[in-house]
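All values derive from a computational prediction rather than experimental measurement.
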Amino acid sequence: MVDIDKANQEALSRLLSAQPVLVDMGLAVDVVPGMGEKMLMHAGPPITWERMSGPMRGAVIAACLYEGWASTPEEAQELAASGEIAFDPCHHHNAVGPMAGVTSPHMPVFVIENKDRGNRSYCSMNEGLGKVMRMGAV
């Protein structure tokens, strides 16, 4: 059986000793482990198009347009519902996603390395204010 107190102490120790350093930037498909050409990484647990919230659907539509997989929002919705796109949680790829946002293969991502342990994580760029691909803004 797991000793919860010992596990919590180890988790806190790792957090406090972490040394995150920005080491690179690249396209998600080139640097994120397991990122596929027709994949969208998303925040939260595994989910299908049918169960996505409106804001997440909006982000998926925007990503499909960004990637050139669709020419219109309507085409993007059809594609998303078709099963041709793999949806996978960011945390399955050592990545993080903002709120209801998604990361598509050709989006630039930051590569962060924890110098204490050598592990890497990935995060898409924040597009700033205005029309962005998080919270469903298109």
Side-chain angles (χ1 to χ4, degrees):
M1 179 167 249
V2 175
D3 180 339
I4 300 295
D5 288 334
K6 185 176 178 182
N8 284 338
Q9 287 174 345
E10 177 64 19
L12 180 60
S13 173
R14 288 183 185 202
L15 282 171
L16 294 175
S17 67
Q19 298 176 30
V21 177
L22 175 64
V23 295
D24 201 1
M25 177 170 234
L27 298 181
V29 72
D30 295 335
V31 298
V32 177
M35 180 68 177
E37 282 287 343
K38 204 77 175 248
M39 175 185 285
L40 295 177
M41 294 188 309
H42 58 80
I47 193 167
T48 61
W49 171 255
E50 294 74 26
R51 296 186 44 88
M52 287 181 187
S53 66
M56 187 174 283
R57 283 183 175 212
V60 167
I61 291 166
C64 288
L65 295 171
Y66 174 82
E67 289 292 331
W69 299 339
S71 299
T72 66
E74 294 77 23
E75 285 181 14
Q77 289 179 62
E78 288 178 29
L79 177 63
S82 74
E84 291 182 42
I85 298 173
F87 297 110
D88 210 18
C90 289
H91 61 270
H92 287 181
H93 302 271
N94 298 329
V96 295
M99 301 162 95
V102 299
T103 302
S104 69
H106 296 95
M107 287 181 178
V109 296
F110 293 112
V111 180
I112 309 298
E113 183 172 317
N114 176 5
K115 293 297 184 180
D116 180 56
R117 295 192 172 262
N119 55 313
R120 289 187 170 196
S121 59
Y122 310 87
C123 179
S124 61
M125 293 177 55
N126 180 322
E127 303 98 334
L129 300 174
K131 294 195 178 250
V132 295
M133 285 191 262
R134 63 185 182 282
M135 291 308 290
V138 181

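Distance OG/Ser104 to CD/Glu37: 10.5 Å, rounded to 0.5 Å. Considering CG of Asn8 and OG of Ser13, their distance stands at 12.0 Å, rounded to 0.5 Å. Summarising the geometry, atom CZ belonging to Phe110 is positioned 15.0 Å from atom CZ belonging to Arg120; distances are rounded to the nearest 0.5 Å. Once rounded to the nearest 0.5 Å, the distance linking CD of Glu84 with SG of Cys64 reads 10.0 Å. In this structure, CZ on Arg51 lies 14.0 Å from CZ on Phe87, to the nearest 0.5 angstrom.
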>> Between Val23 and Lys115, is the side chain to side chain contact (heavy atoms under 4.5 Å, CB included) condition met? List the steps.
In response: CA-CA 10 Å; Val23 295; Lys115 293 297 184 180; 4.0 Å; yes
>> Using the rule given for side chain to side chain contact (heavy atoms under 4.5 Å, CB included), can you reason through Trp69 versus Leu40, listing the C-alpha separation, both sets of side-chain angles and the distance that settles it, and then say yes or no?
In response: CA-CA 12 Å; Trp69 299 339; Leu40 295 177; 3.9 Å; yes
> Between Arg14 and Glu10, does a salt bridge (charged side-chain N to carboxylate O under 4.0 Å, His left out) hold up when you go through it step by step?
Replying inline: CA-CA 6 Å; Arg14 288 183 185 202; Glu10 177 64 19; 2.8 Å; yes
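Residues Asp116 and Ala18 share a closest heavy-atom pair of CB-CA, 4.2 Å. Between Gly44 and Pro89, the shortest heavy-atom contact is O-CB, 3.3 Å. The two atoms that bring Leu65 and Ser71 nearest to each other are CD2-C, 3.7 Å, heavy atoms only. Across all non-hydrogen atoms, the minimal contact from Val60 to Ala80 is CG1-CB, 3.9 Å. Across every non-hydrogen atom of Ala43 and Cys90, the tightest pair is N-SG, 4.1 Å.
Met39 and Val111 fall within the same hydrophobic cluster, where Ile, Leu, Val, Met, Phe, Trp and Tyr residues are linked whenever their side-chain heavy atoms come under 4.5 Å apart, directly or through other members. Residues Val102 and Ile61 fall within the same hydrophobic cluster, defined by Ile, Leu, Val, Met, Phe, Trp and Tyr side chains chained together at heavy-atom separations under 4.5 Å. Under a hydrophobic-cluster definition in which Ile, Leu, Val, Met, Phe, Trp and Tyr are linked whenever side-chain heavy atoms come within less than 4.5 Å, directly or via other members, Tyr66 and Met35 are assigned to different clusters. Transitive grouping of hydrophobic side chains (ILVMFWY, heavy atoms separated by less than 4.5 Å) keeps Ile112 and Val31 in distinct clusters. Under the 4.5 Å side-chain heavy-atom criterion for Ile, Leu, Val, Met, Phe, Trp and Tyr, Met41 and Met52 are members of distinct hydrophobic clusters.
Within the 4.5 Å cutoff, no side-chain heavy atoms of Tyr122 are placed close to those of Thr103. Met125 has its side chain out of reach of Met107: every pair of non-hydrogen atoms, C-beta onward, lies at least 4.5 Å apart. The side-chain heavy atoms of Asn119 and Glu113, taken from C-beta on, include no pair separated by under 4.5 Å. For the pair Leu79 and Lys38, the minimum side-chain heavy-atom distance is below 4.5 Å.
With hydrogens and angles ignored, the 3.5 Å screen pairs a side-chain donor or acceptor of His93 with a backbone N or O of Pro33. No donor-acceptor distance shorter than 3.5 angstrom exists from the side chain of Asn114 to the backbone of Pro20, with no hydrogens or angles considered.
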